[in-house]
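In this chain, residues are counted from 1 in sequence order. Nothing here was measured: the structure is a model prediction, and the numbers come from that model.
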Amino acid sequence: MEYREQAGWQELSCLAGRIQLKLPENYMKPSDEVLTVKFPVSPRPQEIYINPEGNRIITFNLLDKPLQEMQVYPAIKEMQRLISHAYPESIRLWAKELKADAGIIGWFAFVTGGIKEDSMHCMFILPVNDNMMLGSYHFPAEGMEEDRRVFVEILKSIRLDVLANS
């Protein structure tokens, strides 16, 4: 993991150097104890970053599932459909595409109820080396507008490392 602080943001490399991105500077990899509490089942996401309060989490998984740029929107719409089926009326932001340096990123947001507070979940996908990179960003639902802006900035910052992807 490589960090370079930059006006409240840090640059890092993840998924074995395949992607570069910026996260808020206080997001770090969680301890094993925190991982056990937040992700009690296996397998866990390949990369996880969390804020100090533990209420904002971003994850990254590079799957062995083919995905090309032209498939991004149909794939994210299908994920949204599945979530909507499991959690009726939970979708808060319908499937969208975002153009970034890394290419087209598909994403949507949904809310789930929690014991202390509702949680917002933003799911996102993009092709990395013609495979699906699946990620999620979780945060308290009450801060949806501000956290959504942070999330979009994170997505816009994603770059693919050409050398690591060849």
Side-chain angles (χ1 to χ4, degrees), residues 1-63 76 79-80 82-102 105-126 128 132-161:
M1 174 171 30
E2 301 167 13
Y3 293 105
R4 231 181 7 217
E5 291 185 20
Q6 189 175 15
W9 292 78
Q10 60 183 321
E11 285 192 32
L12 61 96
S13 171
C14 66
L15 296 173
R18 287 184 176 90
I19 65 170
Q20 317 299 314
L21 71 148
K22 292 180 182 177
L23 291 179
E25 65 185 353
N26 63 349
Y27 283 44
M28 301 296 286
K29 287 194 172 194
S31 68
D32 288 338
E33 294 79 25
V34 170
L35 280 176
T36 300
V37 171
K38 298 285 186 184
F39 297 90
V41 296
S42 192
R44 291 182 179 137
Q46 293 164 340
E47 301 253 359
I48 302 168
Y49 297 89
I50 190 167
N51 73 337
E53 297 79 22
N55 62 354
R56 286 169 176 78
I57 302 169
I58 190 162
T59 68
F60 304 92
N61 284 291
L62 186 57
L63 307 176
I76 201 69
M79 287 180 189
Q80 173 192 290
L82 292 170
I83 294 294
S84 182
H85 181 73
Y87 302 103
E89 300 177 13
S90 66
I91 304 299
R92 292 299 181 264
L93 294 169
W94 297 96
K96 302 174 181 301
E97 288 183 328
L98 182 128
K99 180 78 172 135
D101 288 344
I105 301 172
W107 69 281
F108 71 97
F110 65 100
V111 67
T112 58
I115 294 171
K116 295 181 183 178
E117 60 190 351
D118 289 350
S119 294
M120 190 64 60
H121 311 273
C122 296
M123 303 289 295
F124 61 100
I125 61 170
L126 73 144
V128 174
M132 181 185 293
M133 196 287 293
L134 170 66
S136 62
Y137 183 52
H138 310 270
F139 54 89
E142 67 185 28
M144 180 177 170
E145 286 309 310
E146 180 59 30
D147 278 294
R148 184 187 59 79
R149 283 190 285 275
V150 169
F151 172 67
V152 169
E153 287 305 310
I154 292 169
L155 292 184
K156 287 179 180 178
S157 78
I158 296 175
R159 298 177 321 278
L160 301 181
D161 188 323

message = I'd like to know if the side chain of Lys22 reaches the main chain of Glu153, judged simply by a donor and an acceptor atom lying under 3.5 Å from each other, with no hydrogens or angles considered.
response = no
note = Rounded to the nearest 0.5 angstrom, the NZ-CD1 distance for Lys29 and Ile50 is 13.5 Å
task = Verify side chain to side chain contact (heavy atoms under 4.5 Å, CB included) between Leu93 and Met144, making sure each step is shown before the conclusion.
result = CA-CA 10 Å; Leu93 294 169; Met144 180 177 170; 3.6 Å; yes
message = Using only atom types and a distance under 3.5 Å, with no angle test, would you say the side chain of Asp101 pairs donor to acceptor with the backbone of Arg159?
response = no
query = With distance as the sole test, does Gln46 use its side chain to make a donor-acceptor pair with the main-chain N or O of Leu62 at under 3.5 Å?
reply = yes
request  = Mind telling me whether Phe110 and Tyr87 have parallel, tilted or perpendicular rings, with 30° and 60° as the class edges?
outcome  = parallel
query = With a 4.5 Å limit on heavy-atom distance, are the side chains of Arg44 and Leu35 in contact?
reply = yes
Side-chain heavy-atom pair Ile19, Leu160 within 4.5 angstrom cut-off = yes
message = Contact between Pro140 and Arg56 at the side-chain level, heavy atoms closer than 4.5 Å - yes or no?
response = yes
inquiry  = I'd like to check Leu98 versus Phe124 (side-chain heavy atoms, cut-off strictly below 4.5 Å). Are they in contact?
reply    = no
ask   = Roughly how far, to the nearest 0.5 Å, is CE of Met120 from OH of Tyr137?
value = 12.0 Å
inquiry  = Given 3.5 Å as the limit, does a donor-acceptor pair link the side chain of Gln80 with the main chain of Ala95, or not?
reply    = yes
ask   = Under 4.5 Å between any side-chain heavy atoms of Phe139 and Val150, yes or no?
value = no
query = So do Trp9 and Ile154 actually touch side chain to side chain, heavy atoms under 4.5 Å?
reply = yes
inquiry  = In the structure I gave you, are the side-chain heavy atoms of Ile57 and Phe39 within less than 4.5 Å of one another anywhere?
reply    = yes
query = Among side-chain atoms of His121 and Ser119, is any donor-acceptor pair under 3.5 angstrom?
reply = no
ask   = Judged by atom type as modelled, is there a donor-acceptor pair below 3.5 Å linking the side chain of Glu47 to the main-chain atoms of Asn61?
value = no
ask   = Should we count CD of Glu53 as having more than 12 external heavy atoms under 6.0 Å?
value = yes
request  = Assert yes or no for the condition that the ring centre distance of Trp107 to Phe151 is strictly below 6.0 Å.
outcome  = yes
